[in-house]
Amino acid sequence: MARAPLFLARQGYRRRRLADMARLMPVLGLALFLVPLLDANGGFGAGMLIYLFTVWFGLIAGTAVLARRLCVAAQQQDAETATTGAGAGNGAGADPEGRR
Amino acid sequence: MIAFNLLVAICLAYVVFLFGVAFLAERRAARGQGGWLRSSAVYTLSLSVYCTAWTFYGAVGYAARSGLEFVTIYLGPTLVLIGWWWTLRKLVRIGKTQRITSVADLISSRYGKSNTLGVIVTLIAVVGTTPYIALQLQSVTLSFAVFAPESATRWGAGDLNATALTVAAGLAVFTVLFGTRNLDANERHHGVVTAIAVEAVVKLVALMAVGVFVVWGLAGGVGAMLERIEASPLAGMPVVPGRWMGLTFLSAAAILTLPRMFQVLVVENEDERHLATAAWAFPAYLFLMSLFVVPIAVMGLSEMAPGSNPDLFVLSLPLAHGRDGLATLAFLGGFSSATSMVIVAAIALSTMVSNHIVMPLFLNWTRAGATMSGDVRTLVLRARRVSIGAVLFLGYLYYRLTGGSEALAAIGLISFAGVAQVLPALLGGILWRGATRTGAIAGLAAGFSVWAYTLFLPSVGEGAVMGARLLAEGPWGIGWLRPQALFGLEGLDPLVHAVVFSMAANVAAFVSVSLAGFPSPMERLQGAQFVNVFDHSTAGQGWSQGRAEAEDLLLMTQRILGPVEAQGLFQRAAAGQGKQGYLPDITPEFLQRLERQLAGSVGAATAHAMVGQIVGRSSVSVEDLMRVADETAQMMEYSSQLEAKSEELARTARQLREANEKLTGLSVQKDAFLSQISHELRTPMTSIRAFSEILMDGDRLDPAELGKYSRIIHEESLRLTRLLDDLLDLSVLENGQVTLHAQPVNLHDLLDRALAATGSPVGGGGLHLRRDPGAERVVLVTDGDRLSQVFINLIANAQKYCDAAVPELTIRVRAAHGAVAVDFIDNGSGIPAQSQAIIFEKFSRLSDPRSAGGAGLGLAICREIMVRLGGSISYLPGQGGAAFRVSLPLRRAEAA
């Protein structure tokens, strides 16, 4: 029975941390989007507007970079799976698209 | 002001253009051309059905009324999309592997293909979406009204209604034409999606054009604009934390649960990689859509007449400045927003209605009805077309009934809150294997009722369903049941109040009923496949055993898919099994595949029911599930057994190797023994033969010689006898056949006897004895004869081998630690260290055998005797001569 290995080589390790970053994005986004509540009663000035849109843009850019990297990583994994055959890596043998 | 008729003409031209785009896209897709139709850009743009007319026009109005709060409607979806790795990726994968057709189908399929759940979710979706469609119709008619010639009598209500009806009818035609071309959810609606993508571009360009015009054309640059914002009434509007969080949550939930969003996100998804692009591109789209909202609102408030509708600033601002072209573009943007939403919502709802309401009813009615090839397919398509018409008509009806009131403007969020009730069942279904069907039903029912009671019914208008009295005092005067202040929680925003209470009731019911209940096998099977979709890309076994006739199944499949496709499917399956013709063997795998194929057309519950009708039994039992689990467990058990066996084998091999070595050693020993014994036997035999030959021809021998020779023969035969006796003795001892006669004996007497036997009485002979008679008075229970044999042997050895000038033998007796030790120590040169290990072996003689006349068996016999007696004999080094210690356990004596 092919079990997922407990430790991975450098590449696989990077891939997992990339996924971790992708998971963290919405948490970060939520935290940043709740900032306007800290100054809720005073209304909002142009500064708050600029802050909100800057944060928003930053999140989009970050997600774009991460998504691109994750896709490249998934393709690499596909290639590895194709060369090493089924059952290689973290159970990717049962996952033909390899995009976990 | 642009002529009204021209506007209508432009609008019509735009509609014709959209029809053309959809038609071309369909045709290209049918020919297998047009890779761009399947690109991630089209996918991302199609997600823009989220931005309806309510956001196109309404966002500005919202900002003008409540300030920054409007942005939460976009922040929620942004959070969900940038968190695509959590949920969306899983949803899309599940949608693909399970051939999900709608959000109702997802819920129904996850919870054991339960049609009850499908119906509930469909009803929630219809109730939640109808007002929203009405809202779109209203916005289109209102935007028309803006352009209506003021000179003519004010556009009457009748004209507005006529416009709404025309728009609804046009949309129905478009949707029926391009939305019901095929049944299978996994065949994309390329025409519709492409048209929507075009509309997405139009509305983005329109809104940004108006925004650019406002910022650079009217305000005079970014800096000036920011100053105007600071000075505007918007800047003073406080952010209400409750609403901010509640709306962010609602809009995040909506992107997952709104039927139209599910349709474009999951059902129309072509490739999972498109999601990775949409994860950032769609938030970017929302970002651009909301970038100019505040500037437009601020400029509108400062420039337009105080009473003008802020919802229409996007149109009225350019119009007021004579920018007819820009206004027309904005109008087309709004029109696009409204129509794209209505089209996709109608498709999604019609799929749900036909699959979860019409099909089950049909199946019930025609249990034994005629089965015509393709009849179900025709029926489903017809049902979808009728449903599209019905949904749009409902929307129109709602619009007419509420009379385009202000209440309609608030309906967007109310509708979000209603559809969000699906969220717990949806997320629980894909993340938690313990979620059950009854739990989902309980959660949906609880959440939906609380939503209806606290938000929907009060919103319909005071006095319409709920009287003012009820709102103010609660039902039957029970204060804590007031719809907008449950449990006396007053002062909360009604929307936030409703969201908090409905979601709390929903989640509580869902979780508690799920925890308490026990799911059916089908639910558990589906649950495992949904939650672990990334581990189980292969289908789980839904059917334990096929008893159906292949022909019946083919007949049924033809009814749904049509003859050509059905026959192709069966032929492929038969070929896969290595069979000719159209009828494959009915294996569980085939049933599973067939059911999934059908599910793509009529939904999981209906497909399951139809296959079940023919197979004729419930598909899977707890026993089947257990068996699958058992097989896995058995495999693991087997492999661990193998591991244990191989370890055992290794151990055995090691033991065998050791045994082999021992055997080889024994064989060598045996050979050595044999050669020794033949040597020992041969030496006396040789002398006996030689002397007997002399005697035979010995006439000339004198009596003295005769006597000498015969004595030699006698002595040699005695030696032979002794040797044979010893050998016999040793073999008896070694085989354990010896009988011991245990009796109490005095050690002192034994030693005396042994010394007498060796002819060395105390102080006599050549050997000087040193004894301690006091210590020797020990009584042992043992075989005295055997023990004295050992003593005799040791004393004789000392006599024979002690090479001191004045030979001396010390016999020391010591009783300690439950044992008696008798040491025989002489004062000779002793035994060299390297020989000490072998002196107890057979035939081990250190000096020349002749000189001693022994066969070298004495000490070997001694050792065997001592082992039989339960004691031991060992060489005692470092005593100044040869020293042997004979040990016997004392407890034998005590026991006597």
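Below, read A as the first sequence line, B as the second, and so on, with proteins coming before strands; counting in each chain starts at 1.
Atom OG1 of B:T78 sits about 8.0 Å away from atom CG of A:L59, to the nearest 0.5 Å. A distance of 8.0 Å separates CD1 of B:I229 from CD1 of A:I50, quoted to the nearest 0.5 Å. One distance of note links CH2 of B:W85 with CG of A:D20; it measures 10.0 Å at 0.5 Å rounding.
In terms of heavy-atom pairs under 4.5 Å with chain B, the best-connected choice from A:R23, A:M25, A:R68 is A:R23. Taking B:L75, B:T277, B:V71, B:L226 one by one and counting their heavy-atom pairs under 4.5 Å with chain A, the maximum is reached by B:L75. Between chain B and the options A:G62, A:G47, A:A67, A:A64, heavy-atom pairs under 4.5 Å are most frequent for A:A64.
In this structure, B:F287 and A:F53 have perpendicular ring planes: the angle between them is above 60°, well past the 30° mark.
Of the atoms belonging to B:M245, it is side-chain heavy atoms, and not backbone ones, that fall under 4.5 Å from chain A. There is no contact between B:T72 and chain A, counting heavy-atom distances below 4.5 Å. Looking at B:Y74, the atoms closer than 4.5 Å to chain A (heavy atoms on both sides) sit in the backbone and in the side chain alike. Using a 4.5 Å cut-off between heavy atoms, B:L291 touches chain A through backbone and side chain atoms alike.
The side-chain contact (heavy atoms from CB on, under 4.5 Å) test with B:I82 is passed by exactly one of A:L66, A:T63, A:L28, A:L24: A:T63.
Between A:L34 and B:W244 there is a side-chain heavy-atom pair separated by less than 4.5 Å.
Residue B:W432 qualifies as enclosed at atom CH2: its count of foreign heavy atoms under 6.0 Å is above 12. Few gaps surround CH2 on A:W56; more than 12 heavy atoms of other groups in view lie less than 6.0 Å from it.
A:P26 and B:G83 get closest at one heavy-atom pair: CG-CA, 3.5 Å.
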